[in-house]
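Contents: one structure, followed by commentary.
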Amino acid sequence: MVNVGILGATGMVGQRFIQLLDKHPDFDITALAASERSAGKRYEDATTWYLDEAMPESVKDIEVCETKPEAMSNDVDILFSSLPTDFAAKIEPAFAQDYIVASNASAMRMVPDVPLVIPEVNPEFLGLIETQQKNRGWDGFIVTNPNCSTIALTLTLKPIYDAYNINKVYVSTMQAISGAGYNGVPSMAIVDNIIPYIGNEEEKMESETLQLLGSFEDGVVKDADFKLSASCHRVGVVDGHTEAVFVELDKDEDIDDIKQTMANFKGRPQELGLYSAPKNPVIVKEEEDRPQPRLDRSADGGMAVTVGRVRKDAAMDNSFKYVLVGHNTVRGAAGASVLNAELINKEIL
Ligand code: NAP
C-alpha cells in the first residue's frame with residue numbers, strides 16, 4: 001500500500017478525497033492536515049461534514065496536523081492538496097522537496113516545469129517530472145490537475161480535437177455552489193439568483209484547456225492552436241457544473257459521427273484499468289432534456305462527464321453545439337487528483 005496524506009482535509013474537496021480514498025485498494029490515508037484552527041483536534045471534531053455518505057470510521061480519530069513539512073509524519077508517500085491557492089503557492093513547493101504532491105490548487109498549474117494533467121488527455125506530460133526534479137533539486141515533485149470546469153470541457157473536446165480540426169470553441173458555464181468551497185458563496189447571494197462572474201475562472205478555462213490539448217515534445221509543452229472563449233456563471237445548484245459548448249470545425253462533419261467519436265473515447269486510465277477510471281470518460285445521452293446536474297453528476301461515481309443535446313449550430317458554418325455536466329468536486333477536483341496519483345503509482349513509482 002502507498003501511504004497518503006490530505007492537505008486541506010477538512011474542506012469540501014478534502015472531504016471528497018476522504019470519501020474516494022477510504023477503501024482504496026492501493027492508497028491508505030495516514031495523515032490529515034488543515035489550518036491552525038483544526039490542528040490538534042480529532043478529524044471528526046475539526047470537520048463540518050457535508051457529504052451525503054457518512055464520514056468513514058477510519059478517519060474520525062486521526063489527529064489533524066498543521067500544514068507544514070515538519071508536522072507531517074514520515075510515513076507518507078503522496079500528499080493530495082486541496083489548499084487555498086495563495087497558501088498552496090507557498091507550501092506545496094516546501095512539501096515537494098520530500099513528497100509527491102498531487103494538487104487541485106491553481107497556484108502551480110501554469111508553472112512551465114509542473115505537469116498539468118488529465119490522465120485520459122495528456123498522460124505524456126508526466127515527462128516534465130524529471131525536468132522539475134532536476135531544475136529544483138527536489139526528491140519529490142508536484143503534479144496538478146486543472147480547474148473543475150476545464151476538466152469536464154477538455155474531456156469532451158479531446159476526442160473531437162483528435163478526430164477533426166477545431167477552429168474555435170465558445171463555452172458558457174453554469175457552475176455549482178460547492179465549486180467555491182464551503183464558505184464560498186453566501187446563501188443570500190445565490191438563492192433566487194445567478195452570479196455572472198467567477199474570479200479568474202474564464203482565464204483559467206481558456207489557458208488550461210489549450211495547454212492540456214497541446215503537445216509535449218523535447219521536454220516542452222506547446223499549446224493547442226485554436227481560439228477558445230469562456231463565460232462563467234454561478235448558479236444555485238449544490239454539486240455538478242453544466243456547460244453549453246459551441247464548436248466550430250474547419251469543415252462540416254456528421255453529427256452522428258461526432259457523437260460516436262465522443263462516446264467511443266478512451267484513454268490511458270481505461271487501458272491500464274486504473275481503479276478510479278470511469279468505463280467511458282464521456283457518456284453521450286440522446287434524451288432531449290439531459291444532461292441535468294441532479295440526474296447526471298454522479299455518472300460512474302462522478303468520474304464520467306455526461307454530454308447531451310449534440311446538434312448542429314445554425315449560426316456558424318461547420319459547427320455544432322452540446323451541453324455537458326461534470327461533477328465538480330469528484331471528476332473536477334478530488335477524483336482528478338486521485339486518478340493522477342493512480343497513473344503515477346502505476347507508471348512512475
Ligand atoms: P474549502 O472548503 O474552503 O477548504 C479549504 C481547506 O483548506 C480546509 O481544510 C481549510 O482548513 C484549509 N485551509 C484554509 N486556510 C489554510 C491555511 N492557511 N493553512 C492550512 N490549511 C488551510 O475549499 P475547497 O472547495 O475544498 O477548495 C480547496 C482548493 O481546491 C482550492 O484551491 C480550490 O480552488 C480548489 N478546487 C476546488 C474545487 C471545488 O469544486 N470546490 C474544484 C477544483 C479545485 P480549516 O478547516 O482548518 O480552515
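Predicted, not measured: the structure shown is a model, and the values here were computed from it. Remember, it's 1-based here, ligands and their atoms both numbered in the order they're listed.
Placement of Val245 and Val282 within a single hydrophobic cluster is found when ILVMFWY residues are connected by side-chain heavy-atom separations under 4.5 Å, directly or transitively.
Protein heavy atom closest to atom 29 (C) of ligand 1, with residue, atom name and distance, is Leu83 O, 3.4 Å. For atom 12 (C) of ligand 1, the nearest non-hydrogen atom of the protein is Gly8 CA, 4.0 Å. Remark: minimum distance from atom 40 (O) of ligand 1 to any protein heavy atom is reached at Asn328 ND2, 3.1 Å. Nearest protein heavy-atom neighbour of atom 43 (C) of ligand 1: Gly332 O, 3.5 Å. Taking atom 38 (C) of ligand 1 as the reference point, the nearest protein heavy-atom neighbour is Val13 CG2, 3.7 Å. For atom 19 (N) of ligand 1, the closest non-hydrogen atom of the protein is Phe87 CE2, 3.2 Å. Protein heavy atom closest to atom 2 (O) of ligand 1, with residue, atom name and distance, is Met12 N, 2.9 Å. Looking from atom 28 (C) of ligand 1 to the surrounding protein, the closest heavy atom is Ser82 O, 3.1 Å.
Of the options Pro146, Gly181, Ser35, the smallest heavy-atom separation from atom 22 (C) of ligand 1 is shown by Ser35. Which of Tyr182, Phe17, Tyr50 comes nearest to atom 3 (O) of ligand 1 through a heavy atom is settled by distance: it is Tyr182. Counting only non-hydrogen atoms, the option in Pro84, Gly11, Gly14 that gets closest to atom 7 (O) of ligand 1 is Pro84.
Using a 4.0 Å cut-off to heavy atoms of Cys148, the atoms of ligand 1 that qualify are 42 (C). Near Thr67, the atoms of ligand 1 lying under 4.0 angstrom from a non-hydrogen atom of the residue are 20 (C), 21 (N). The distance from ligand 1 to the heavy atoms of Ala333 drops below 4.0 Å at these ligand atoms: 42 (C), 43 (C). Atoms of ligand 1 found under 4.0 Å from any heavy atom of Ala9, numbered from 1 in the order shown, are 9 (O). In summary, the atoms of ligand 1 found under 4.0 Å from a heavy atom of Ser178, numbered by their order in the structure, are 39 (C), 40 (O), 41 (N). Listed by atom number, the atoms of ligand 1 under 4.0 Å from Ser38 heavy atoms are 45 (P), 46 (O), 47 (O). Listed by number with element, the atoms of ligand 1 under 4.0 angstrom from any heavy atom of Thr10 are 8 (C), 9 (O), 10 (C), 11 (O), 45 (P), 46 (O), 47 (O). In summary, the atoms of ligand 1 found under 4.0 Å from a heavy atom of Asn104, numbered by their order in the structure, are 30 (O), 35 (C), 44 (C).
Within 6.0 Å of atom OH in Tyr170, 12 or fewer heavy atoms from other residues, nucleotides or ligands are found, so the atom counts as exposed in its surroundings. For NZ of Lys346, the number of neighbouring non-hydrogen atoms (other residues, nucleotides, ligands) closer than 6.0 Å is 12 at most.
The aromatic rings of His24 and Tyr275 sit perpendicular to each other, their planes meeting at more than 60°, with 30° as the lower class boundary. Using a 30° and 60° split on the angle between ring planes, Phe125 and Phe216 fall in the tilted class, from 30° to 60°.
Between the side chain of Glu206 and the backbone N or O of Ser229, no donor-acceptor pair lies under 3.5 Å. Counting only distance, with no hydrogens or angles, the side chain of Gln132 and the backbone of Asp113 share a donor-acceptor pair below 3.5 Å. Counting only distance, with no hydrogens or angles, the side chain of His327 and the backbone of Gly240 share no donor-acceptor pair below 3.5 Å.
In this structure, Thr329 is part of the shell of residues with a heavy atom less than 4.0 angstrom from ligand 1. Close to ligand 1: Thr85, with a non-hydrogen atom less than 4.0 angstrom away.
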Practice task
Could you check Glu208 against Arg109 for salt bridge (Lys or Arg N to Asp or Glu O under 4.0 Å), going step by step and ending with a plain yes or no?
Solution key: CA-CA 8 Å; Glu208 292 175 11; Arg109 278 182 203 150; 2.9 Å; yes
Practice task
Any chance you could lay out the salt bridge (Lys or Arg N to Asp or Glu O under 4.0 Å) test for Glu347 and Arg268, step after step, and finish with the verdict?
Solution key: CA-CA 11 Å; Glu347 299 212 315; Arg268 185 84 60 87; 2.7 Å; yes
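No donor-acceptor contact under 3.5 angstrom links the side chains of Asn328 and Ser149, judged on distance only.
Qualifying salt bridge (Lys or Arg N to Asp or Glu O under 4.0 Å) partners for Asp61, counting only residues two or more places apart in sequence or in other chains: Arg42. Here Lys266 pairs with nothing under the salt bridge (Lys or Arg N to Asp or Glu O under 4.0 Å) rule; sequence neighbours left out.
Counting heavy atoms closer than 4.0 Å to ligand 1, residue Arg37 contributes side-chain atoms (C-beta onward) but none from N, CA, C or O.
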